Amino acid sequence: MTTPSEQMIDLLAGQPVVPVLLVRRLEDAIPLARALARGGLPAIEVTLRTPVALDAIRLVSQEVPEAIVGAGTILSARDYGRAADAGSRFIVSPGTTPQLLAEARLGGLPFLPGAATPSEIMALQEEGYTAAKFFPAEQSGGAPYLKALASPLAQMRFCPTGGITPKNAESYLSLPNVICIGGSWVAPDALVGDGRWDEIEALAREASKLRRK
Ligand code: 3PG
C-alpha cells in the first residue's frame with residue numbers, strides 16, 4: 001500500500017509549482033482552476049481561509065475534470081473531514097498535530113503535513129511520512145535552511161511555501177530535497193478580482209516551465 005506521502009509525491013510529480021489559492025468569490029473558482037490548468041498547473045491548493053473555500057473545492061472537483069483540486073490551510077481533523085467531503089484530492093496543512101495525523105490515517109488521501117524544524121520533521125518521519133510542506137519557507141530561513149537539512153534528514157522531501165516568487169523559486173528547485181514549491185504569485189488577488197484569466201494562464205505557463213536542476 002502506498003503511503004500518503006508517496007501518493008502526494010506521485011500526484012505532484014512533474015508539476016514544479018502548486019498554486020496556493022484564496023478564492024474570495026465562488027464564481028471565480030471554475031475560471032481560475034481552468035486558467036491554471038491551461039497554463040500547465042492542474043494541481044491547485046484551495047486554502048480554507050475564505051467562507052466559500054469548501055464550495056469552491058466542491059465546484060472545481062465536479063466541473064473542472066482537468067484540475068486536481070486539493071485543500072490547504074487544514075488546521076484540524078474537522079477541516080480534513082470537510083475538505084475530503086467536498087471532493088479534495090489531496091490535503092495540505094501548514095503544521096502537524098496528533099489529531100490531524102490520526103484523521104489522515106483514517107481518511108487515506110494524499111497528505112502533505114507541515115514542518116519547519118528538525119524535531120518536527122523527525123516526528124513526521126516516525127509516523128511514516130517522507131514529504132512535508134516547509135512553511136513559512138522564506139521566513140524560516142529559506143533555501144539555505146532547507147539545504148542544511150538535506151544531509152542529516154535525507155529521507156524527508158519538501159514542498160516549500162511562503163514568500164516564494166519567480167525570483168527565488170530556482171534557489172529552492174535546485175535543492176535535492178525539494179519536490180515542488182507552492183505560492184500564491186500565480187494567482188494574484190488583483191488579477192482574480194478583475195477576472196483576468198488570460199494573464200493568470202500566462203503566469204501559470206511561466207511557472208510550469210520552472211524545473212528542478
Ligand atoms: C501558504 O499557505 O502556503 C502561503 O500562505 C502561501 O504563501 P505566499 O502567499 O507567500 O505564496
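In this text, all values refer to a predicted model and were calculated from it rather than measured experimentally. Ligands are counted one by one from 1 in listed order, and the atoms in each one are counted from 1 as well.
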Discussion item. Go through it in stages, so that I can follow the logic: the residues are Glu45 and Lys133, the test is side-chain contact (heavy atoms from CB on, under 4.5 Å), and I'd like the CA-CA distance, side-chain angles, deciding distance and then a yes or no.
Written reply: CA-CA 12 Å; Glu45 177 187 330; Lys133 169 167 169 141; 3.6 Å; yes
Item to complete: Could you tell me if the ring centre of Phe134 sits under 6.0 Å from that of Tyr145?
Response: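 When the ring centroids of Phe134 and Tyr145 are compared, they turn out to be within the sub-6.0 Å range.
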Worksheet item: With a 4.0 Å cut-off on heavy atoms, is Val20 touching ligand 1?
Response: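 True for this residue.
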Worksheet item: Of all the heavy atoms in Gly162, does at least one lie under 4.0 Å from an atom in ligand 1?
Response: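 Gly162 counts as a contact of ligand 1 under the 4.0 Å cut-off.
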May I ask you to list the atoms of ligand 1 that are less than 4.0 angstrom from any heavy atom of [X]?
{"X": "Gly183", "result": "11 (O)"}
{"X": "Gly163", "result": "8 (P), 10 (O)"}
{"X": "Thr161", "result": "1 (C), 3 (O), 4 (C), 6 (C)"}

Discussion item. Give me the nearest non-hydrogen protein atom to atom 4 (C) of ligand 1 as residue plus atom name, then the distance to 0.1 Å.
Written reply: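 Answer for atom 4 (C) of ligand 1: Phe135 CE1, 3.7 Å.
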Worksheet entry | Nearest protein heavy atom with distance in Å, relative to atom 9 (O) of ligand 1 |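 Here the closest protein heavy atom is Ser184 OG, 2.6 Å.
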Discussion item. Are the side chains of Val92 and Phe111 in contact, using a 4.5 Å heavy-atom criterion?
Written reply: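 Side-chain contact under 4.5 Å: no.
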Where does [X] meet ligand 1, judged by heavy-atom distances below 4.0 Å: at the side chain, the backbone, both, or neither?
{"X": "Arg49", "answer": "side chain"}
{"X": "Lys133", "answer": "side chain"}
{"X": "Trp185", "answer": "neither"}

Practice prompt. Tell me, with the steps shown, if Ile121 and Phe158 meet side-chain contact (heavy atoms from CB on, under 4.5 Å).
Written response: CA-CA 10 Å; Ile121 294 160; Phe158 299 92; 3.6 Å; yes
Worksheet item: So, Arg49 versus Thr73: side-chain donor-acceptor pair below 3.5 Å or not?
Response: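 On atom types as modelled, these side chains qualify, holding a pair under 3.5 Å.
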Worksheet entry | Atom CD of Gln62 with >12 non-hydrogen neighbours under 6.0 angstrom |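 Count over threshold, so yes.
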Worksheet item: Would Leu32 and Val192 satisfy side-chain contact (heavy atoms from CB on, under 4.5 Å), going step by step from the backbone distance to the final call?
Response: CA-CA 7 Å; Leu32 178 57; Val192 177; 4.1 Å; yes
